[in-house]
Participant: 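First the structure, then my questions, so here it is.
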2 protein chains.
Amino acid sequence: MKSTIPDTGVPITPPAGNGGDRQEASLHGEILLRLRDYVVEGNIPEGARVPERQLCEMLGISRTPLREALKVLAAEGLIELLPNRGARVRQLSQRDLEELFDVMAGLESLAGRLACEAITDAEITAIEQLHYEMYGHYLHRDMHGYFQTNQRIHESIVTAARNETLKTAYANFAGRIRRVRYSANFARKRQRWAEAMREHEAILDALRRRAGSELSDILFQHLRNKRTAAIEHLTEPQEDAPASA
Amino acid sequence: MKSTIPDTGVPITPPAGNGGDRQEASLHGEILLRLRDYVVEGNIPEGARVPERQLCEMLGISRTPLREALKVLAAEGLIELLPNRGARVRQLSQRDLEELFDVMAGLESLAGRLACEAITDAEITAIEQLHYEMYGHYLHRDMHGYFQTNQRIHESIVTAARNETLKTAYANFAGRIRRVRYSANFARKRQRWAEAMREHEAILDALRRRAGSELSDILFQHLRNKRTAAIEHLTEPQEDAPASA
DNA sequence: AGGACAAAAAATGAATGCAAAATAGCCAGC
DNA sequence: GCTGGCTATTTTGCATTCATTTTTTGTCCT
C-alpha cells in the first residue's frame, strides 16, 4: 500500500473550471503553475511517489502536458525524476537546506547591493513604513504578521534591485525553501526576534546611506543567522509556544 | 526564405550513435543535454524560429521527448516558448546581459565568501598555480589561454564554496552568458588586462587570508568591471581600436 | 498592380496507443 | 517460516494520431 497522496477528492482545483486568473494560454503552462503551487504548499509528503496516472485524474488532463510540467519542476529542483521510476517530491537533507539558505543569502546580499545603486527615496520610505509595521507586530508578539511583513521587506529590496533575472531566481529558491516551511511549519525562535529587529535597523540604515557593500554584508549575515535558527528548529522542533492565538 | 537553422546535414551528432559518454539513461535527458549544448554553443541564430519537426529529424527522435526538453530549456531561460508559435532562441537585450552579469557577480561574490569558510590550503595552492599559469598567458599575450585559465580559477572558487546548489545555479547562468559569448565572440579589451590581473592578485590575497566579506567585495567589483568591458564591447565590437568617436 | 480575403498547408498542443521496464504477487523450495 | 525465482500487473517512456491554430499561398476584386 502506497497511499501516495493524501487524496481529498479533487485536491487542486475543479478539473474543468478555468480556476486561476493567471493568464497562461497553454494547458501545460496552467498545469505547471498549479502543480508547482501544489508541491510548494507541501500537499505531497516528502519523497512520496506520485503516479502520473493519479495526477492526471486530479488535474483532468492527459499525461503528455503533465509530463512536460514534471520535467520543468524537476529542472527547478522541486521534484526529482528517477529513470523509469517516476517523480518523487525532492527530499531536502539538512545539508540541502543549508545550501539553499546560503544561496538565498547570497541573492539577497546581491539585491541589497544593487538596490543601493537604484533605489528611490520613495521606495526607501515605503520600506521604512513596512519596518515600523513589522515593529508593531514585534511588540504585539504577532508572529504571523511579523513574518509576513518581514517577507515583504525582503521582497521590496529584491524589487528595488531592478533586476528581473535576479528576481526570478530569488522566487525559484524561495519556493524550494517555502515547501519545507509549509511542511515543517517552523517559525522563528523568540530569542532571535530582538536580534533580527536590530539587524533590520542596520539594514535600513545602510540602505538610507546607499552603502552597497555594507548592506551586502549585513544582509548576508542576517540571512545566515536566519539559516542557523531554521536548521536548529528542524533538528529540535519544539520551541517555546509556537502557535499564535 | 526561412532558413531557420544553418543546416549542415546532421548538425548535432549522428542520430543513431550514442554520441556522448555522459551517462543519461532516458532519451529525453540525452536530448536535453545535446540540445542545451547546441544552443549554448550558438549554433542557432538569435531569435531564429526552430521548427520541432526539423529538430526531430536532426536528433532522430519523435516530438514528445523533444518537446519535454524544450520546456526545460525554456525554464532555464535559454529559449522562449511562444504559445502556438514554437520555440525561439531567447534574444538577450543589453539590459538582459547586464542583469545576467550582475547575478553572476552576486553568485561569485557569494562563492568567494563561502570558499573562505571551507577552502583547504591545498586548494589555495592549486588556485595559486592557476594564477601563475594565467600570468604566463598574460605575459605571452595569449588571450585564449588566459581566458581559459581565468575561467578555471573562477570555477575553482565556486567549487571551493562546497555548495552544489550554488554550483548548479552558477553553471546555469554561465551557460546563458556563454551563448552570447559564442555568438558575439567578444574578448576582453587589452586595457582591461592589467587591471584584471591586479584584481586577481587581490582575490588571491583575500582568499589566503580567508577574508570572506572582503573577498566578496573584490569579486563583485571584478565581475562588475568585466560586465562593463563586455557591454562596451558589444556596443563597440572593435578591439583596441580607438574607442573614441 | 496592389491589397484583401479565403482556402490550403504546415506547425503546434494535447490525447491515445504501444513497447519496455519496474513493481507486486505468487508459488516452489529450502 | 522464510527466501528465491517466476509470472502478472502496473507504470513509465516514447511514438503516433487527432484537433486547433498559425502561416502561407492563390485568387479575386478594386
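Just so it is clear: chains get the letters A, B, ... in the order the sequence lines come, proteins before strands, and each one is counted from 1.
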Participant: Among C:dA11, D:dT12, D:dC14, which is the nearest nucleotide to the side chain of B:Leu27?
Facilitator: D:dC14
Participant: What integer distance in Å separates B:Gln54:CD from C:dA11:C1'?
Facilitator: 12 Å
Participant: Give the rounded distance in Å between these two atoms: CG of A:Leu59 and C1' of C:dA14.
Facilitator: 14 Å
Participant: Would you say B:Gln54's side chain and B:Pro51's backbone share a donor-acceptor pair under 3.5 angstrom?
Facilitator: no
Participant: Would you say a side-chain N or O of B:Arg85 is under 4.0 Å from OP1 or OP2 of D:dT23?
Facilitator: yes
Participant: Taking all non-hydrogen atoms of both residues into account, name the closest pair between B:Ser109 and A:Arg113 and its distance.
Facilitator: OG-NH2, 4.3 Å
Participant: Roughly, in whole Å, what's the span from CD in B:Glu52 to C1' in C:dA10?
Facilitator: 12 Å
Participant: Any salt bridge linking B:Glu76 with B:Arg176? Criterion: basic side-chain nitrogen under 4.0 Å from a carboxylate oxygen.
Facilitator: no
Participant: If I take atom CZ in residue B:Arg53 and atom C1' in nucleotide D:dT17, what distance separates them, rounded to the nearest angstrom?
Facilitator: 12 Å
Participant: Over the length of the helix from C:dA1-D:dT30 to C:dC30-D:dG1, how much do the five-pair end axes diverge, rounded to 10 degrees?
Facilitator: 0°
Participant: In whole angstroms, how far is the C1' atom of C:dA21 from the CZ atom of A:Arg49?
Facilitator: 11 Å
Participant: Using whole Å, what does the distance between atom C1' of nucleotide C:dG13 and atom CD1 of A:Ile61 come to?
Facilitator: 12 Å
Participant: Using nucleotides 16-20 of chain C, report all nitrogen or oxygen pairs with the protein that are shorter than 3.5 Å.
Facilitator:
unit_1	atom_1	unit_2	atom_2	d
C:dT16	O4	A:Thr64	OG1	3.3

Participant: Any idea which heavy atoms bring B:Leu32 and B:Ala69 closest together, and the distance?
Facilitator: CD1-O, 3.8 Å
Participant: What nucleotide among D:dG13, D:dC14, C:dA22 has an atom nearest to a side-chain atom of A:Arg67?
Facilitator: D:dG13
Participant: Do you know the tightest heavy-atom contact between A:Leu110 and B:Phe220?
Facilitator: CD1-CE1, 3.5 Å
Participant: Write out all pairs satisfying salt bridge (charged side-chain N to carboxylate O under 4.0 Å, His left out) with one or both partners inside residues 96-108 of chain A, taking only residues at least two apart or from two chains.
Facilitator: A:Arg95-A:Glu98, A:Arg95-A:Glu99, A:Asp102-A:Arg224, A:Asp102-A:Arg227
Participant: Which one, C:dT12, C:dA14, C:dT23, comes nearest to the side chain of A:Pro65?
Facilitator: C:dA14
Participant: Calculate the interatomic distance between B:Leu82 atom CG and C:dA11 atom P; express it in whole Å.
Facilitator: 17 Å
Participant: Taking atom P of D:dG13 as reference, at what distance in whole Å does atom CD1 of B:Ile31 sit?
Facilitator: 15 Å
Participant: Select from B:Leu81 and A:Asn84 the residue whose nearest nucleotide in DNA chain C is closer to the 5' end of that strand.
Facilitator: B:Leu81
Participant: On a heavy-atom basis, which atom in B:Lys226 and which in B:Arg192 lie closest, and how many Å separate them?
Facilitator: N-NH2, 3.9 Å
Participant: Pick out which of A:Asn163, A:Thr165, A:Leu166 makes a side chain to side chain contact (heavy atoms under 4.5 Å, CB included) with B:Leu100.
Facilitator: A:Thr165
Participant: How far apart are the closest heavy atoms of A:Cys56 and A:Leu66, and which atoms are they?
Facilitator: SG-CD2, 3.7 Å
